Structures are given as structure tokens and as C-alpha cells.
Amino acid sequence: METQTVHELPKNLDPKSIEEKWYPKWENEKYFTPKEGKTGKSYCIIMPPPNVTGMLHTGHALDLSIQDMIIRFKRLKGFKTLYLPGMDHAGIATQAKVEELIYKTEKKTKHDLGREEFLRRTWKWKEEYGGVIAKQSRYLGISCDWDYFIFTMDEESNEAVRTAFCNLYNEGLIYQSDYIINWDPILQSAISDAEVEHKEVKGAFYHILYPVKDSNLKLEVATTRPETMFGDTAVAVNPKDKRFKHLIGKKVVLPLANKEIPIIADEHVDIEMGTGCLKVTPGHDFNDFEIGKRHNLEIVNILNKDGTLNEHGLEWQGLKCTKARPKVIERLEQLGLFVKKIDHTHQVGHSQRSEAMVEPMVSKQWFLNVQEMSQVAMNYIKNDETRFYPKGWENTFFAWLREPKNWCISRQLWWGHQIPVFYCNKCNHRWASQNKEKTCPKCKSDNIFQDPDVLDTWFSSGLWPITTLGWPNLDRMKKRNFDEFFPTSTLVTGFDIIFFWVARMMMMVPKFTNQHPFEKIYIHAIVTDKLGRKVSKSLGNGIDPIEMIDTYGADALRFAIASGSGYNRNLNLDPERIEGYRNFMNKIWNAFRFIHPFLHNANSGLPALNKLDSHEKWIISELNQVTQKMNESMEEFRFDDASGAIYQFVYDKFCSWFIELSKSILYGEDETKKNQRATILKYCFRKICALLHPITPFVTEEFWAYLKSDNEDLLIVQDYPEYDESLLFVNEQENMNKLIEVITSIRNIRISLNVKPKDMIKINLFSDDDHIIHYFKENEICFADLAKVETITYGKKADKKPTKAIMNATTHTEIFVPLEGVVDLAAHISKLEKELDKTKKEFDQNNNKLSNPNFVDHAPEEVLNKVKEKAAALKEKIDSLFENLKVFK
RNA sequence: GGGCGUUUAGCUCAGCUGGGAGAGCGCUACCCUUACAAGGUAGAUGUCAGAGGUUCGAUCCCUCUAACGCCCACCA
């Protein structure tokens with residue numbers, strides 16, 4: 001009657017139907033809402049807000065899955081958990097996208113529309129197309145509380161940004177300055193240092209002559225950018241350079257521009273480098289800017305906002321630098337002032353966003369002074385109040401904060417948080433305000449305007465851990481349980497944004513809370529392809545997580561992510577691996593399919609321990625150990641270890657042995673035994689579900705529906721299994737391991753003899769270990785079920801052995817399979833000899849140690865005993881093989 | 001130029017504070033066996049990049065070399 005019920009469940013797991021069933025249930029019935037747990041403690045993870053423009057890619061899938069594994073684990077552990085989702089307005093990316101769209105459809109630029117209309121369109125775009133990720137990420141099963149969802153440009157976020165800005169402004173930490181910044185000529189905006197990527201570019205040194213005034217001398221300068229000479233305001237030499245000492249203080253005539261500029265002395269100039277003469281262009285070079293400041297040089301800006309030469313570029317006005325360069329050189333050549341060109345590759349800054357070559361340019365920008373904040377941030381790490389996992393990443397963190405440059409926070413964009421600084425046209429008053437100002441507080445004039453720039457996106461991101469929890473509005477903070485969830489528990493992110501984001505939060509949040517934003521920072525790997533290359537659009541080597549979920553299921557994808565996430569920096573998410581774990585999910589599915597028909601026989605909970613048989617004790621003990629391992633690993637963010645441990649337990653212990661060992665009982669007649677075994681299987685499966693749930697939530701919740709009792713809630717809010725010392729059965733584990741060893745050995749012989757799977761065989765077991773013989777006798781049914789052994793004869797090792805037989809030896813037992821008819825003795829002997837050789841080698845390794853007095857004297861007792869035991873066991877095996885080989889020969 | 005990281009089975013990688021060289025996939029042989037062929041059973045595979053050092057003992061610690069990768073940096 002049992003066998004029919006098997007067909008109630010489909011033979012293969014269908015992830016989709018399960019995913020579609022459980023996610024809406026969890027979400028609609030508010031299982032993601034923070035609830036009081038048995039620990040009375042809270043645990044909070046803030047989701048790094050994905051870009052509003054973004055589509056879910058593998059990087060997100062990794063990030064979100066890991067966060068969810070942690071939050072689900074903590075929920076099961078009895079914490080009041082909050083996983084708080086959000087979305088980022090992504091200033092540049094979004095603006096660029098909308099600009100492109102408008103240009104494509106209407107052939108209009110944002111200037112044609114004007115700021116207000118452009119922003120209206122951007123919001124419209126956001127409502128229609130933005131935030132796809134929020135929908136997509138649900139497919140992953142992430143258990144964030146969507147009621148907490150917040151967008152970086154929501155009114156709540158705006159308030160936080162304005163408040164933060166005004167506080168920093170009033171404290172004098174935000175200042176406006178003419179400073180040399182990285183200018184992106186395509187975006188036509190300043191960008192921060194962190195947004196500049198240095199790429200190798202093939203260029204050249206151009207050697208040019210600058211005539212010295214009132215002299216026949218000409219100074220030879222070397223430059224990679226001759227077209228910037230229009231902005232030169234000095235030529236610098238090293239004060240110690242004897243060649244030029246006498247010229248310091250004189251003037252040169254700048255060719256083409258025919259302008260007189262001084263020859264100055266500055267330590268920065270490297271005597272060895274180039275010609276020893278440096279043309280100084282304070283307006284368009286970071287070093288020259290510093291030199292200019294030291295010598296009070298004039299700053300000449302020779303570029304327009306789009307990177308073309310302005311009126312200082314004379315007849316080349318309107319040309320891009322790269323276009324103007326050869327023309328300038330041509331003219332200098334005509335004047336006899338060009339010496340030579342030497343090919344040279346060098347690093348040139350490029351904008352991370354637009355990929356344009358960055359132009360250093362002097363302009364009026366807003367800066368945040370981070371000198372003190374960075375020290376505070378570093379101290380939290382140094383004092384271990386916030387800890388990096390893996391610890392090594394704190395070096396990267398420190399590298400950035402040790403000598404931080406002040407942060408250029410203004411952007412010449414429209415989409416973003418407009419800088420809350422106002423100017424009065426009448427009295428020139430300038431002030432910051434959290435409100436939309438209408439009149440000047442000083443002169444009451446209404447002739448005022450707001451600074452047109454917006455803030456760097458990372459400014460709002462830097463406040464994210466507190467913005468999301470309602471800061472600075474007290475009512476909102478209360479509603480969002482600020483006090484309970486702040487400081488947040490763990491930040492989960494990739495190492496590529498340690499500078500951009502982690503450092504900024506660590507600097508800004510303490511400024512307003514006097515607290516560190518997180519207890520722990522787990523830095524996970526970056527997804528790479530099979531060949532170890534970072535996945536990127538340009539390589540086209542990305543894997544679409546949605547496609548993976550469609551094909552293999554979210555659980556399989558999550559398990560693949562877990563199995564590759566520990567303290568590593570790369571994660572290879574090859575679809576083949578995901579397929580492998582899909583197969584594992586199917587394996588569990590089928591294990592459940594096997595158990596399912598017997599569930600009605602099962603009681604809940606464990607029977608009295610003294611009633612358990614040895615196999616039951618064994619599996620419970622193994623389960624207990626894997627429980628311990630899972631707890632430790634999850635706590636330390638070693639998802640690779642955790643998933644490996646449960647995989648091995650389920651596959652190699654539970655399915656391969658315990659289920660197999662249970663068949664004869666379940667299909668047998670003894671109702672008491674049957675009920676007990678069903679009970680144990682159910683017990684194990686319930687634990688497996690709970691252990692696995694943080695990694696594979698869908699399939700485990702599905703099983704739970706069958707396993708739970710009527711008064712129990714969903715698995716998502718059950719208890720995570722805990723290690724229990726009383727459930728450790730060392731003897732049973734040892735015995736079972738020996739049984740497994742002997743049965744495997746018998747199967748090995750069967751295959752080597754080509755015995756048909758169904759044919760029964762007779763065997764002899766010889767051992768001097770009475771305990772193990774006794775155990776085997778008790779377990780003869782196992783030999784019959786798992787190795788098709790019909791009769792076993794026992795004996796001591798010294799007993800007479802069958803003459804015509806094939807044998808194997810373990811360290812404790814000799815296994816003989818007597819044969820009728822012809823035996824290929826030669827092959828058997830050679831196999832045994834090989835085995836003997838191998839064992840001898842292993843024995844020697846251990847024995848050599850024991851005969852080395854230095855080892856015996858120095859090694860700790862534990863190690864010594866281990867080696868002794870090992871050697872003794874191997875010796876037994878060698879004797880067995882050796883003695884019996886003699887007989888066969 | 002500075003810093004960090006990587007180099008372990010054909011592939012992708014794990015090996016924590018030195019003391020048995022491992023996993024998954026792939027591969028080989030045999031099996032549609034009664035939960036599972038997305039499966040079962042049994043198996044093969046490594047000068048742990050190279051050289052030197054410390055140690056009773058090194059994949060693990062130290063030095064050097066090589067290859068690769070990443071980050072930072074103003075070298076005109």
C-alpha cells in the first residue's frame with residue numbers, strides 16, 4: 001500500500017511552482033516584517049540600494065542572496081530581523097539615460113526642455129521604467145520588508161540630505177572653492193577622484209623651445225600636452241639644478257601667445273626628468289596647480305566646458321585638445337621652436353561613467369572637508385568596533401582614508417539633490433537652508449536663487465544607514481524603529497565599493513549619530529566568468545540570473561552562490577555549477593518523495609534515546625555535527641563551508657546510507673520499528689529543512705508544509721537547529737564507518753568479478769576485533785540489502801581461509817568472497833600487491849616518524865598518539881595482505 | 001612607482017592557529033536496482049608555480065624568482 005502513494009509527488013522538482021506559491025504568501029502575510037524573537041535582540045541589514053536604471057545582474061543576485069541568507073539565518077535564530085530595501089537615483093546614469101531617450105525620440109537636448117521639464121520627464125521615466133530590480137529581486141526569494149522601501153529622492157531622503165548638508169555647512173566643513181578638479185567634458189560636470197580611472201594611453205613627449213627674454217638662450221621643455229601651453233604661467237626648474245640657476249627670476253616669452261612668463265624655482269621639478277625644465281599650467285594640471293599656489297601664479301583657463309579650446313587658444317579656438325595638438329606642433333616647427341617627439345605611454349585619467357578623457361580644470365566647486373571624519377572612521381575599525389570579514393580588507397579601507405583628499409561633492413547635473421545653498425542677488429548674502437527659501441533672511445529681498453548644482457550621488461548614499469531608518473525626523477525614526485536597528489548589524493557588499501560607499505558611510509554616519517553605522521562588514525566576492533574575468537557588458541560574459549532562475553530555480557542559484565562565497569575575492573558562477581546544484585535540489589526532492597508516504601507513521605519529536613537503534617543514533621549524531629558546523633559557518637559568513645557541510649550530510653550520509661538502510665524496515669512487517677524509523681526520518685528531514693532554509697528557502701518551505709504539525713507556523717519563522725551534546729554518539733559513528741568501509745569493499749569485489757547486481761553472494765569476514773564482529777552480526781540485514789550478501793561466515797585472522805577466493809583487507813577486517821569455478825588469480829594478486837605497496841608507503845611515512853627520536857621528543861602527545869594508532873592500524877592491514885598473498889601465490 | 005592578491009587533480013576552487021592532500025564538475029567501467037538516469041555502484045588523477053631557508057616535520061611560516069590579476073599614484 002505504501003508504494004502507490006509515492007506517485008503523489010512528481011518525480012522531478014518543479015522550482016517554479018514552488019517559488020510562485022511561497023513568495024507571495026511570505027510577502028502578503030507579512031513574514032518579512034520585523035517580529036520579536038526568542039533572543040530579544042534585533043538584527044538589521046540595509047540593502048545597498050540598486051540603481052533605479054539597473055536590471056538585475058549576477059552581482060546583485062550575489063549581493064542580495066547573501067544578505068538574505070544572513071537575515072533568514074538570524075530570523076530562525078530568534079532575532080527581530082529587518083532587511084531594509086531601497087533604490088538609488090543614480091544621478092549620472094539616470095540623467096544620461098533620459099537624455100539619450102529624449103534625443104532619440106524628439107531630437108531635443110535637456111537644454112531645449114529646461115531644467116524643470118527635464119526633471120519632470122525623468123520622474124516620469126522613473127515611474128514607468130525604473131525600479132525593475134525591485135520586481136526582479138523577488139524572484140530570488142529575498143525576505144526584505146518592502147513596507148520599509150525607500151528611494152534616495154523620496155521626500156524623506158531629501159530631508160536627510162538637506163539636514164546633513166546644512167549641519168556640515170554650518171560647521172564649516174562644506175566649503176566652496178576654486179580648485180582644480182576632474183572635469184568630464186562629455187557629462188560637462190565635475191567628478192570626484194574616486195570616479196576617475198587611470199588607463200594607459202599611447203602619447204608622446206614633445207620637446208619645445210621657450211626663448212628666454214633679452215637673450216639668445218632658449219629653454220627646452222618637455223610636455224605630453226603641448227596645446228596647454230596657452231595656459232602656461234611659468235617655467236619651473238629645480239633650485240639645485242646648476243644648469244639653470246642663473247636663469248631663475250628671468251622671463252621667457254611664451255611662443256605663439258607671445259606672453260612673458262617667469263622662470264621660477266620649485267622643488268617639485270625633477271632634475272633627472274625630461275629636460276629639467278617644466279612648463280607650469282596651473283589651470284590644467286594637478287601638480288602645476290600646487291606649484292601655482294606656492295608661487296602665486298596666475299591661473300589661465302584655456303578650455304570650454306566641452307573640452308574645446310577657448311579664446312586663449314587663438315586660431316585653434318573651438319578645437320578639441322587632441323585636434324589642436326598636431327596643429328600647434330606644426331606651427332612651432334615652422335617657427336623653429338620644435339625639437340623632437342618621443343613616443344611615450346602614460347596613464348591618463350578617464351571618467352568612469354562616460355569614459356571620456358578627464359580634463360583637469362579649475363572651477364568653483366563645493367567640497368567636504370573629510371580630514372577629521374576619516375580619522376573617526378578609521379578608529380572604529382582600529383578599535384574593532386566595526387569588523388571587516390575577511391579582515392584583510394581593512395587594509396584597503398585604511399589605504400583610502402589615511403591621506404584623504406577633500407571630497408568634491410558638487411555635480412553640474414540636474415537629476416539629484418540640488419545643493420541647498422541660496423544666494424541673494426541684492427545683498428550678496430549666501431546661506432544654507434533645509435527649506436525652499438523665498439526671501440533673503442538678511443535683507444528680505446525675494447531676488448534670490450538656489451545653487452544650480454546637485455550633490456554627488458554618494459553624498460546621499462553615505463547617509464543611507466540612517467536615512468533608511470527615518471533620520472532626522474523623530475516621528476519617522478520612532479516609526480522605523482531607529483533605536484532598535486541602529487547601529488545596523490552587518491553590511492554586505494563587494495570590495496569594489498569600499499572607497500565609494502563603505503568609507504563614506506563610515507565617515508558621515510558617525511558625524512550625526514556619534515556611532516558607527518555597522519557592527520560587521522562582510523565583503524563578498526566579485527562575480528567572474530569561467531575564465532576568471534570580471535563579468536561586464538563589454539565582454540558580454542554575464543550570466544542572466546533571471547534566466548538561471550527560470551532554468552534551474554532560485555534555490556539552485558542561491559546554493560551555487562553560497563557554495564562559492566566565503567573569504568574569497570572571485571566567484572565563478574558557471575551555469576554548469578548551478579545545474580549541479582539544481583541536481584542536488586532534485587536529490588533532496590526525491591529523498592522527500594521517498595519519505596513522504598511514511599510520514600503518517602511518524603510521531604513528532606524524538607523517541608527516548610535508549611530506544612534508538614545504532615543506525616538511528618549514528619544519523620542523529622552526524623546530523624548533530626553538521627548542525628554545529630552550519631551554525632559556526634553561517635556566523636562567520638563562511639557560506640561555502642556551510643553549504644558544503646549540508647550537501648555532504650544530505651547526499652553522502654542521509655541519502656546514500658540512512659535511507660538505504662531504512663528501506664527494509666519501512667517495507668517490512670514490524671510496525672513498532674517502522675513507526676520509529678519513520679519518526680527518525682521525519683525528525684532528520686525537519687532539521688535538514690531548517691538548516692538549509694537560509695540558503696534554499698523555497699524548496700524547504702515546501703517540504704515543511706508536509707512536515708509541520710497543524711499548530712506550527714511556516715518554516716521561515718521556526719527555530720534554527722542547535723548543537724546538542726546529548727545527541728553525540730561516538731561509538732555508533734565509529735561502528736558505522738567500519739560497516740560502510742566493509743560494505744564498500746564487498747561491492748568493490750563484486751564489480752571486479754562482474755557479479756550481476758541481483759546475484760547473491762556468500763562472504764567470509766575475519767577479524768580479531770570481537771566488538772566489530774558482534775556489530776556485523778547484529779547488522780547482517782545491511783549486508784543483504786546493500787551488498788547482496790546471503791550468508792556470512794565469521795572467523796579470526798589466524799583461521800584457515802578459503803583457498804579459492806578474492807579478498808580485500810581493511811585495517812580491522814579481512815573480507816573474503818569464495819568462488820566457484822575459474823578465478824583470474826594473476827589479476828587478483830597484482831591488485832593485492834598494488835594495494836600492499838600503497839599501504840606500505842603510507843605505513844612507512846608514519847613509522848619513520850616514530851623511529852625519529854626528534855619527532856618523538858618534540859611532537860605533541862596528541863599528534864604522537866595519532867601517528868602511533870595510524871601505524872598500528874596500517875600494520876594490521878599490511879599483515880593481512882601479506883599473509884594472504886602468500887597463500888594465493 | 002607603491003600596495004594587495006593569486007599560482008593545489010583536466011576545469012572551478014576549499015584547505016582556519018605548521019603534523020592524514022580535499023570538494024564539486026568532468027573522466028573511466030558496470031548498472032533503467034524496488035525516492036532519484038537531474039540517478040546508482042565502483043574507480044583513476046596531484047614534484048600543492050620554481051629555488052632556498054626555519055623546523056623533528058612545510059601546501060601552510062620567512063626570503064628570493066617567475067607568471068597572472070586587482071587597486072592606488074601628478075612623474076612633466
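What you are looking at is a predicted structure, and each value in this text was computed from that prediction instead of being measured. In what follows, every chain begins at residue 1, and chains take the letters A, B, ... in the order their sequences are listed. As a basis for the values below, the full set of heavy atoms in this structure was taken, side chains included, without hydrogen atoms, waters or symmetry mates.
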Novice: I need the full list of salt bridge (charged side-chain N to carboxylate O under 4.0 Å, His left out) pairs touching residues 646-660 of chain A, with sequence neighbours left out, sorted by first then second residue.
Specialist: A:E622-A:K653, A:E660-A:K663
Novice: Within the side chain of A:D555, is there an N or O that forms a donor-acceptor pair under 3.5 Å with the backbone of A:I695?
Specialist: no
Novice: Return the nearest nucleotide to the side chain of A:R577; candidates are B:rA35, B:rA73, B:rU12.
Specialist: B:rU12
Novice: Using heavy-atom distances to pick each residue's nearest nucleotide on RNA chain B, tell me which of A:L13 and A:K663 is more 5'.
Specialist: A:K663
Novice: Can you tell me how far C1' of B:rA76 sits from CE of A:M229, to the nearest Å?
Specialist: 15 Å
Novice: Should the pair A:F499 and A:W400 be assigned to parallel (<30°), tilted (30 to 60°) or perpendicular (>60°) ring geometry?
Specialist: parallel
Novice: When the P atoms of B:rU59 and B:rG50 are considered, how many whole Å apart are they?
Specialist: 11 Å
Novice: Tell me what A:N852 touches on the nucleic acid: a base, only sugar-phosphate, or nothing, going by heavy atoms under 4.0 Å.
Specialist: sugar-phosphate
Novice: Please measure how far the C1' atom in B:rG39 lies from the corresponding atom in B:rC32, and state the result in whole Å.
Specialist: 9 Å
Novice: How far does the C1' atom of B:rC13 sit from the matching atom of B:rG5, given to the nearest Å?
Specialist: 15 Å
Novice: Using the side-chain heavy atoms of A:K11, tell me which of these nucleotides is nearest: B:rC36, B:rA42, B:rU34.
Specialist: B:rC36
Novice: Between the side chain of A:R750 and the main-chain N/O of A:P757, is any donor-acceptor distance below 3.5 Å?
Specialist: yes
Novice: OP1, OP2 of B:rA35 versus side-chain N and O of A:Y667: anything below 4.0 Å?
Specialist: yes
Novice: Using a heavy-atom cut-off of 4.0 Å across all strands, would you classify A:Y651 as base, sugar-phosphate, or nothing?
Specialist: sugar-phosphate
Novice: Considering only B:rC74, B:rG39, B:rU33, which nucleotide approaches the side chain of A:N583 most closely?
Specialist: B:rG39
Novice: How close or far is atom P of B:rC74 from atom CG of A:D266, stated in whole angstroms?
Specialist: 17 Å
Novice: Which letters describe nucleotides 14-21 of chain B, given B = protein heavy atom under 4.0 Å from base, S = only from sugar-phosphate, - = neither?
Specialist: SS---BS-
Novice: Between B:rA42 and A:R747, is there an OP1 or OP2 to side-chain N/O distance shorter than 4.0 Å?
Specialist: yes
Novice: Once you round it to whole Å, what is the distance between P of B:rA42 and CG of A:L753?
Specialist: 15 Å
Novice: Between A:W393 and A:F388 (judged by ring centroids, cut-off 6.0 Å), do the two rings come close enough to count as a pair?
Specialist: no
Novice: Only Watson-Crick and G-U wobble pairs with both distances less than 3.5 Å should count. Give RNA chain B in dot-bracket notation, marking inter-strand partners with |.
Specialist: (((((((..((((.....[..)))).(((((.......))))).....(((((..]....))))))))))))....
Novice: Do A:Y179 and A:F289 have ring centroids that are under 6.0 Å from one another?
Specialist: yes
Novice: Before accepting this row, confirm whether a basic side-chain N of the pair A:E632/A:K629 lies closer than 4.0 Å to the acidic partner's carboxylate O.
Specialist: no
Novice: A:N12 or A:H344: which one's nearest nucleotide on RNA chain B is closer to the 5' end?
Specialist: A:N12
Novice: For the CZ atom of A:F559 and the CE atom of A:M585, what is their distance to the nearest 0.5 Å?
Specialist: 5.5 Å
Novice: Anything under 30° is parallel, anything over 60° is perpendicular, the rest tilted; go ahead and classify A:F685 against A:F592.
Specialist: tilted
Novice: Quick check for you: among B:rA76, B:rA42, B:rG39, whose closest atom lies nearest to any side-chain atom of A:F205?
Specialist: B:rA76
Novice: Starting the side chain at C-beta, find the nucleotide from B:rU33, B:rU12, B:rA35 nearest to A:P757.
Specialist: B:rU33
Novice: Between A:R747 and A:A787, is there a donor-acceptor pair closer than 3.5 Å when you use the side chain of the first and the backbone of the second?
Specialist: no
Novice: Is the ring pair A:F637/A:Y522 parallel, tilted or perpendicular, if the boundaries are 30 and 60 degrees?
Specialist: parallel
Novice: Considering only atom C1', compute the distance from B:rC48 to B:rA58 and round it to an integer number of Å.
Specialist: 11 Å
Novice: Can you tell me how far C1' in B:rU63 sits from the matching atom in B:rG24, rounded to whole Å?
Specialist: 36 Å
Novice: Using whole Å, what does the distance between atom C1' of nucleotide B:rG24 and atom NZ of A:K587 come to?
Specialist: 15 Å
Novice: Which nucleotide in the set B:rC74, B:rA38, B:rA35 lies at the smallest distance from any side-chain heavy atom of A:N287?
Specialist: B:rC74
Novice: Could you measure between the two P atoms, the one in B:rC31 and the one in B:rU45, and give it in whole Å?
Specialist: 24 Å
Novice: So that I can tick it off, tell me whether A:D14 and A:K16 are bridged by a salt bridge, with the cut-off set at under 4.0 angstrom between side-chain N and carboxylate O.
Specialist: no
Novice: Across the strands shown, which category fits A:A591 at heavy-atom distances under 4.0 angstrom: base, sugar-phosphate, nothing?
Specialist: base
Novice: Which whole number of Å gives the distance between the P atom of B:rU41 and that of B:rU34?
Specialist: 14 Å
Novice: Take the protein atom CD of A:E862 and the nucleotide atom C1' of B:rG57, then report the distance between them rounded to whole Å.
Specialist: 16 Å
Novice: How long is the line joining CD1 of A:I498 and P of B:rG3, in whole Å?
Specialist: 19 Å
Novice: For B:rG26 versus B:rG40, give the span between their P atoms, rounded off to a whole number of Å.
Specialist: 12 Å
Novice: Please work out if A:E660 contacts a base, only the sugar-phosphate, or nothing of the nucleic acid, heavy-atom cut-off 4.0 Å.
Specialist: base
Novice: Quick one: is B:rA42 close enough that its OP1 or OP2 comes under 4.0 Å of any side-chain N or O from A:T744?
Specialist: yes
Novice: Which of these nucleotides, B:rA42, B:rC72, B:rC36, is closest to any side-chain atom of A:N590?
Specialist: B:rC36
Novice: Rounded off to whole Å, could you give me the CZ-to-C1' distance for the A:F783 and B:rU41 pair?
Specialist: 17 Å
Novice: Could you work out which one of B:rA35, B:rC36, B:rG43 sits closest to the side chain of A:N586?
Specialist: B:rC36
Novice: Scan A:Y647 against the nucleic acid and name what it touches under 4.0 Å (heavy atoms): base, sugar-phosphate only, or nothing.
Specialist: sugar-phosphate
Novice: Between B:rC13 atom P and A:L571 atom CG, what is the distance in whole Å?
Specialist: 9 Å
